[in-house]
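First the structure, in the form of structure tokens, and then the observations on it.
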Amino acid sequence: MKTTIVLGLMNSGSGAVHDYLSSRTDFYSPFGTSEFKLCVDPMGLDNVYVNCYENFSFFNPSNSIDEFIKYIKKIQNYIVYETYGKGKKLFRQNLDKSTKEFVNKITDIYYYGNPEFSNFKINSFESLYLKLIKKRYNFFKVRIPAKKEVFINESIKYIEKIILYNLNKKKISLNSNVVLNQAANIFNPIRSSQYFKNRKIIIVTRDPRDMFSSMKKRKSKGPPSYDVQLFIKWYKKCFDNIAFKKAIKNKLKLNIKYENFINKFEQENRKICKFLNVKTDFKFKKDFYPKFNLDESKKNLYKSKKYLTENENLLIKKYLSKYLQW
């Protein structure tokens with residue numbers, strides 16, 4: 001299985017690139033157009049890795065694994081709406097069992113204890129109950145992680161199992177192409193994608209004026225969509241990230257400008273197909289929704305000319321000049 005991960009900041013246009021690949025008959029899309037963020041959400045798999053091996057302390061692995069298990073219990077029932085009014089679960093399987101098996105395999109030693117910080121993790125009712133009976137219970141599972149190599153190998157198996165289940169398949173060929181939306185951390189794309197087989201990463205960037213315009217119009221809640229000066233500071237922090245700059249030259253990664261992808265589709269498509277080692281000639285699936293539509297995507301270009309004030313346009317052009325794409 002070959003995995004293509006499409007990444008972009010909010011309102012970057014990365015969804016168009018993902019939709020294009022998802023619509024092709026030679027690509028599997030296990031989660032449709034939805035984002036697969038199990039690895040990169042704040043309580044996700046990559047956070048567990050960091051706290052086990054890069055930010056290790058005696059209780060960091062235990063706490064991050066505990067939070068990961070709680071996160072899985074929530075996300076396994078997460079509903080997505082690819083068409084208006086029609087919701088479905090993002091994950092076909094119940095993740096509890098496979099996650100429990102995974103956690104057992106990445107744990108070298110475990111025991112139950114009651115470290116001081118764990119008292120802050122229980123609710124007020126549980127705390128009062130323990131005080132009334134004047135007992136200390138060893139309720140917190142302390143885990144010492146297995147070797148890093150074991151963690152990564154088991155993570156790859158775990159993620160592959162989830163993908164195959166969503167595809168309703170037990171196995172696919174080594175040459176099969178799978179595309180995932182936002183499945184890694186754009187600010188550290190190489191490390192955060194190490195849990196995927198044979199992965200390649202496409203990072204999509206967009207002119208910051210149009211990004212802010214889209215955020216402002218949609219009233220996006222994640223980024224600072226309501227203040228242009230705050231947006232400028234936020235944007236600089238994002239793209240001045242050291243790990244992101246190092247990743248630019250990595251052979252696993254291809255950078256695509258959204259404007260070029262739409263305006264010079266044939267040229268950019270050749271670049272993408274060469275990078276992914278797939279044919280430039282393609283057919284679209286008949287039943288895939290929403291199918292990639294180049295003409296519709298063109299309507300999203302240069303909207304900042306219409307929706308931003310003259311002052312907002314001037315400020316972004318002045319302070320983010322090196323990031324402009326048109």
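Because the structure is a prediction, the values reported are computed rather than measured.
- Ring pair F91/Y78: centre-to-centre distance not below 6.0 Å.
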Just do the salt bridge (Lys or Arg N to Asp or Glu O under 4.0 Å) check on K216 and E312 with the steps written out, would you?
CA-CA 11 Å; K216 183 180 178 182; E312 288 170 332; 2.8 Å; yes

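- Put simply, the side chain of F36 does not reach to within 4.5 Å of the side chain of P30, judged on heavy atoms.
- In this structure, the side chains of D210 and E259 come closer than 4.5 Å at one or more pairs of heavy atoms.
- For the side-chain contact (heavy atoms from CB on, under 4.5 Å) with S34, the lone residue among N181, V80, L180 that qualifies is V80.
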Evaluate the criterion salt bridge (Lys or Arg N to Asp or Glu O under 4.0 Å) for residue pair D66 and K70; output intermediate values, then yes/no.
CA-CA 6 Å; D66 190 48; K70 292 177 182 177; 3.7 Å; yes

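- F56 and I65 sit in two unconnected hydrophobic clusters of ILVMFWY residues. Membership requires side-chain heavy atoms under 4.5 Å apart, directly or through other members.
- Residues L164 and K170 have side chains not in contact (no heavy-atom distance under 4.5 Å, counting atoms from C-beta outward).
- In the hydrophobic clustering of ILVMFWY residues, with side-chain heavy atoms under 4.5 Å counting as a link, L320 and Y226 come out apart.
- Residues Y195 and L45 are in side-chain contact: their nearest non-hydrogen atoms beyond the backbone lie under 4.5 Å apart.
- In this pair, Y112 and Y110 present their aromatic rings perpendicular. The plane angle is above 60°, beyond the 30 to 60° band.
- Once rounded to the nearest 0.5 Å, the distance linking NZ of K303 with OG of S213 reads 7.5 Å.
- Remark: M211 CE to S12 OG distance equals 6.0 Å, nearest 0.5 Å.
- Relative ring orientation between Y323 and F239 is described as tilted, the plane-to-plane angle lying within the 30° to 60° band.
- In this pair, Y20 and F282 present their aromatic rings perpendicular. The plane angle is above 60°, beyond the 30 to 60° band.
- By the 4.5 Å heavy-atom criterion applied to side chains, D96 and K73 are counted as neighbours.
- Within the structure, salt bridge (Lys or Arg N to Asp or Glu O under 4.0 Å) contacts touching residues 52-61 (residues at least two apart or in different chains) are E54-R191.
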Check the pair T99, Y158 against side chain to side chain donor-acceptor pair (under 3.5 Å), reporting the backbone distance first and the verdict last.
CA-CA 8 Å; T99 301; Y158 172 65; 2.7 Å; yes

Steps toward salt bridge (Lys or Arg N to Asp or Glu O under 4.0 Å) verdict (E296, K299):
CA-CA 5 Å; E296 286 297 314; K299 295 178 182 179; 3.0 Å; yes

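- For K105 and F102, the positive end is not near the middle of the six-membered ring at less than 6.0 Å and at most 45° from its axis.
- By the 4.5 Å heavy-atom criterion applied to side chains, L301 and I262 are counted as neighbours.
- Residues F275 and L252 are not in side-chain contact: their nearest non-hydrogen atoms beyond the backbone lie 4.5 Å or more apart.
- Atom NE2 of H18 and atom CD of E35 lie 9.0 Å apart (nearest 0.5 Å).
- Between F261 and F292, the ring-plane angle classifies as tilted under the 30° and 60° cut-offs.
- Summarising the geometry, atom CG belonging to D281 is positioned 10.5 Å from atom CG belonging to D26; distances are rounded to the nearest 0.5 Å.
- Annotation: side chain of I144 is not in contact with side chain of T107 (no heavy-atom distance under 4.5 Å).
- Connection of W326 to F265 is established within a shared hydrophobic cluster, with ILVMFWY side chains joined at heavy-atom distances below 4.5 Å, either directly or through further cluster members.
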